[in-house]
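So the structure is just underneath, and the comments pick up after that.
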Amino acid sequence: MKRRSLLTVASAATVMTLGGVGYAAHKRGRNPYYRGPVSDHFDGLRFFLPDQATDKSLPDVLRWQAKRAREAWPNSFPSPFPADHPPERVEGLRITLIGHASYLVQVAGRNILIDPVFAKRASPVRFAGPKRFNPPGIAFADLPPIDAVLITHNHYDHLDGPAVARIWQAHQPLIVAPLGNDAILRGYDDTMHVETRDWGESVDVGGGLQIHLTPANHWSARGVRDRRMALWCAFVITSPRGVHYHVGDTGFGDGALFRDIRARFGPPRLATLPIGAYEPRWFMRPQHMDPAEAVQAFRLLGAEQALGHHWGTFQLTDEGVERPAEALNAALGAAGLPPERFLALRPGQVWQA
């Protein structure tokens with residue numbers, strides 16, 4: 001029992017950071033974030049994706065932690081790209097990886113941040129949890145005027161509350177998030193205005209841009225008692241520059257998510273897809289794609305271009321720091337696709353069209 005307690009404490013920060021790693025330590029009868037009607041993906045207390053794999057249990061978490069075969073990362077993993085100094089506005093499409101799953105999207109004269117994380121640790125506490133192995137690819141002070149912030153879900157490697165509050169105070173952007181996440185964000189600044197939407201709903205950000213919320217094979221939690229009490233999503237950005245499909249975290253599932261995106265919006269001009277935090281597969285598969293599955297998703301989408309994220313900044317799982325990029329190149333080769341069609345981005349790296 002003592003060993004179990006130690007393992008649980010040691011992994012607590014990671015448990016609350018990672019999708020697919022949370023567990024139901026306690027039952028809870030009231031949702032602190034959202035109250036709304038029952039639907040095909042909300043049972044009155046928790047959100048769910050029909051046919052999605054069930055949550056991992058505490059014994060699953062302990063089994064993973066006790067038998068970890070984690071490959072060591074170096075003390076730091078600096079990006080080969082210098083920190084970006086983005087222009088104030090771009091009429092085309094310009095994408096910069098800030099790090100992990102954080103992007104600056106500059107499109108058709110609008111500046112959009114997705115899941116901005118500037119913290120030194122992706123964790124509910126400052127002294128423990130996954131640390132940052134490279135600085136942000138854009139310094140906070142070098143951000144251009146921000147028109148919108150998109151939050152895919154509330155795990156700590158995607159929702160950095162202090163950073164979003166700081167962005168709100170500096171730029172007063174439109175903040176778009178799935179249902180229930182407004183309550184979490186206002187806990188960091190009660191003046192913050194957040195537009196929440198359900199799957200299948202949209203927000204107009206002006207300039208011909210629409211933000212559409214779509215499902216993902218994932219889940220949510222800020223602690224061990226609130227799993228799936230706030231909604232999670234992927235985003236589709238439609239603009240005069242085409243369709244951009246962004247996934248923060250998802251499992252591949254049966255591929256239906258990606259076929260549905262193509263059927264609804266057509267083949268995207270750009271897909272930004274996660275390629276890391278996937279080992280061990282027995283544990284991570286329902287919520288995190290591996291690079292081979294990301295290539296399958298890219299092909300199902302019929303996207304012109306893909307960019308890979310969710311790797312190389314925070315050590316969340318067991319694979320080595322460079323394994324996602326290596327596996328991505330191998331999967332592209334096996335599929336007969338040129339490597340430039342799907343790039344594993346590093347912080348500060350820019351892609352533009």
- Query: Can you name the one residue among Thr196, Val176, Leu231 that meets side chain to side chain contact (heavy atoms under 4.5 Å, CB included) with Leu213?
  - Reply: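 Option passing the side chain to side chain contact (heavy atoms under 4.5 Å, CB included) with Leu213: Val176.
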
- Item | Residue from Val236, Asp204, Val205, Thr238 passing side chain to side chain contact (heavy atoms under 4.5 Å, CB included) with Ile211 |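 Only match with Ile211 under side chain to side chain contact (heavy atoms under 4.5 Å, CB included): Val205.
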
Please tell me if the side chains of [X] and [Y] come closer than 4.5 Å, counting only heavy atoms from C-beta onward.
X	Y	result
Pro291	Arg323	no
Arg222	Leu159	yes
Asn181	Val194	no
Tyr278	Glu293	no
Val247	Pro274	yes
Phe314	Arg132	yes
Leu307	Leu97	no
Asp51	Asp254	no

Could you state whether [X] and [Y] fall into the same hydrophobic cluster, counting links through intermediate Ile, Leu, Val, Met, Phe, Trp or Tyr residues with side-chain heavy atoms under 4.5 angstrom apart?
X	Y	result
Leu93	Ile237	yes
Met192	Leu143	yes
Val105	Leu343	yes
Trp311	Ile114	no
Val90	Val107	no

May I have all residue pairs that pass ring-ring contact (aromatic ring centres under 6.0 Å, His included) and include part of [range], sequence neighbours excluded?
range	answer
residues 166-190	none
residues 316-353	Phe298-Phe342
residues 224-250	Tyr103-His246, Trp199-Trp232, His246-His309
residues 77-97	none

- Message: Any carboxylate oxygen within less than 4.0 angstrom of a Lys/Arg side-chain nitrogen, looking at Asp182 and Arg186?
- Response: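 Yes, Asp182 and Arg186 are salt-bridged.
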
- Task: Could you check whether the rings of Phe47 and Phe42 sit parallel, tilted or perpendicular, using 30° and 60° as the cut-offs?
- Result: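 Tilted.
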
If you count the non-hydrogen atoms of other residues, nucleotides and ligands that lie under 6.0 Å from [atom1] in [X], is the total more than 12?
X	atom1	value
Arg262	CZ	yes
Glu340	CD	yes
Arg35	CZ	no

- So, do Trp219 and His155 have ring centers that fall under 6.0 Å from each other? yes

[atom2] on [Y] to [atom1] on [X], rounded to 0.5 Å:
X	Y	atom1	atom2	answer
Ile146	Ile167	CD1	CD1	7.0 Å
Asp84	Asp142	CG	CG	8.5 Å
Ser239	Arg110	OG	CZ	11.0 Å
Leu209	Ile112	CG	CD1	5.0 Å
His310	His288	NE2	NE2	4.5 Å
Arg228	Leu45	CZ	CG	8.5 Å

At their closest point, which heavy atom of [X] faces which heavy atom of [Y], and how far apart are they?
X	Y	value
Ala183	Pro32	CB-O, 4.4 Å
Gly312	Val321	CA-CG2, 4.0 Å
Ser76	Pro78	C-CD, 3.5 Å
Ala128	Ser123	O-OG, 2.7 Å
Arg269	Ala353	NH2-CB, 3.3 Å
Phe133	Asn75	CD2-O, 3.8 Å

- Message: Regarding Asp115 and His100, do their side chains bring together a donor and an acceptor under 3.5 Å, going by distance alone?
- Response: no

- Task: Scan side-chain atoms only and decide if His218 and Thr250 contain a donor-acceptor pair under the 3.5 Å cut-off.
- Result: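 No.
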
Spell out, as yes or no, whether a donor-acceptor pair under 3.5 Å connects the side chain of [X] to the backbone of [Y].
X	Y	answer
Gln315	Glu71	yes
Arg121	Arg126	yes
Asn31	Met229	yes
Arg259	Leu300	no
Asn154	Ser220	no
Asn111	Glu88	yes
Gln106	Arg94	no

- Task: Begin with the C-alpha distance, continue with both residues' side-chain angles, and end with the deciding distance and a verdict on side-chain contact (heavy atoms from CB on, under 4.5 Å) for Asp318 and Met284.
- Result: CA-CA 10 Å; Asp318 291 353; Met284 297 295 167; over 6 Å; no

- Check against side-chain hydrogen bond (donor to acceptor under 3.5 Å, both in side chains), Asn134 and Ser79: CA-CA 7 Å; Asn134 35 62; Ser79 174; over 6 Å; no

- Within 45° of the axis and under 6.0 Å from the centre of the six-membered ring of Phe252, does NZ or CZ of Arg285 qualify? no

- Note on the structure: Apart from Phe48 itself, its cluster of hydrophobic side chains linked below 4.5 Å comprises none

- Task: Report the C-alpha separation of Asp147 and Arg89 in whole Å, then their side-chain angles, then the decisive distance to 0.1 Å, and conclude whether the salt bridge (Lys or Arg N to Asp or Glu O under 4.0 Å) test is met.
- Result: CA-CA 11 Å; Asp147 301 296; Arg89 301 284 176 186; 2.4 Å; yes

- Residues forming a salt bridge (charged side-chain N to carboxylate O under 4.0 Å, His left out) with Asp290, sequence neighbours excluded: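 Here the qualifying residues are Arg281.
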
